[in-house]
2 protein chains.
Amino acid sequence: MRFDGPPPEPLASATGFLLSWNGRRTAEGFARALQEVGLSPPVFGVLTLIESHPGLTQKELVEGSLIDASSMVAVLDELEAEGLAERRVHDSDRRKRAVYLTSQGKRKLAKARAIATSFADELLAPLDEKEQETLRQLLRKLARVDEADAR
Amino acid sequence: MRFDGPPPEPLASATGFLLSWNGRRTAEGFARALQEVGLSPPVFGVLTLIESHPGLTQKELVEGSLIDASSMVAVLDELEAEGLAERRVHDSDRRKRAVYLTSQGKRKLAKARAIATSFADELLAPLDEKEQETLRQLLRKLARVDEADAR
DNA sequence: TATTGTTATACTCTATAACTATA
DNA sequence: TATAGTTATAGAGTATAACAATA
């Protein structure tokens, strides 16, 4: 799909279409930006998740992410092959693997996060700071993020 | 990808991630809703485009949509096979095909539009009307829709 | 018998490049 | 020689189901 120009009318007046279009454009730009450090968006997401909860099992990573079990195997294989994360056998249950970042993984994640932030700044440049914050809060509400926190 | 619950923290605090996540969820829900009338989102988009500009050539449809030339062939093949649109040889240039909706295509589009509208209502239900309008305008601004109009 | 992780496989979507027919 | 449309093919991304190891 092409994202060089604005989305075509008459669809561009519908909020649902605008959500899809902006979302897809964001995802593709984000993926392109992350290629700089050789990461894909799912890999970046999993790195982020491991950092905030070191030692999660693969199953827990699957539950806490948007990725299914077999894709998680591929992601972790890649992370291990590049020395960014490691699977350790779980203490009490040898079926389980506890996953940790290596120090190299932590450094890579910091780099990737900087790239993601600067990409987001560029993406959101058409909006001033107040508008950006309004958008963020509306999107959180739409995704029901805060309701989930309140559970 | 799963969209049953809210997106995982800590990513859910980033506007860029929220854009991708909401966009993808919207696109998938929209696709599921359209299955009711046997249409895919690209097919729906092309139907909409033909309706607003009857007689466009395939090339013009490609330029006015987000779909590349070879995918457009597949979309139009499908529309013709189902009797929703037809390709006519262009008057002055026999390489070109001018594309029109059939009356059946117009009826189907009306049905699909009703489904799309009711899906969007449901999707946007967490926001009140004023918030929905704010979101719509922020997304248009982000997509630079109005700037393009002003050109 | 159930669960964790793995493998093999198939499916959808889209992009690329080669081909045809007309200009 | 260039353009409109078509066909064939390949690639990314993801999902499904069968399988091995362990509980």
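All chains are named by letter (A, B, ...) in the order of the sequence lines, taking the proteins before the strands, and each is independently numbered beginning at 1. If you're wondering where the values come from, they're calculated on a predicted model, not measured in any experiment.
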Inset, instruction - Would you indicate which nucleotide in D:dT7, D:dT14, D:dG5 comes nearest to any side-chain atom of B:R24? - result: D:dT14

Legend entry - Selected nucleotide, minimal atom distance to B:K96 side chain, candidates D:dA4, C:dG5, D:dT16: D:dA4

Polar pairs (N or O, both sides) under 3.5 Å between protein and nucleotides 18-23 of chain D?
from   : atom 1 : to    : atom 2 : distance (Å)
D:dA23 : OP1    : A:R94 : N      : 3.0

Inset, instruction - Determine whether any donor atom in the side chain of B:S70 lies under 3.5 Å from an acceptor atom in the base of C:dT16, or the reverse, and answer yes or no. - result: yes

Legend entry - Separation of B:L34 CG from B:L39 CG (nearest 0.5 Å): 6.0 Å

Legend entry - Euclidean distance, A:K96 NZ relative to A:D91 CG, rounded to 0.5 Å: 11.0 Å

Inset, instruction - Would you confirm whether the ring centroid of B:F44 sits within less than 6.0 angstrom of the ring centroid of B:F30? - result: yes

I'd like to know if the side chain of [X] and the backbone of [Y] have a donor-acceptor N/O pair within less than 3.5 Å.
X      : Y      : answer
A:S71  : A:I67  : no
B:Q132 : B:L127 : yes
A:T102 : A:G83  : yes

Distance-only donor-acceptor hits, side chain of residues 111-119 of chain B, under 3.5 Å, sequence neighbours excluded:
from   : atom 1 : to     : atom 2 : distance (Å)
B:R113 : NH2    : B:E51  : OE1    : 2.8
B:R113 : NH2    : B:E51  : OE2    : 3.4
B:T117 : OG1    : B:R113 : O      : 2.8

Legend entry - Rounded distance (Å) that lies between atom P of D:dT14 and atom CD1 of A:I67: 8 Å

Legend entry - Where B:E80 and B:R87 come nearest, the two heavy atoms and their spacing: OE2-N, 2.7 Å

Legend entry - Any residue of residues 32-56 of chain B with a heavy atom less than 4.0 Å from an atom of DNA chain C: none

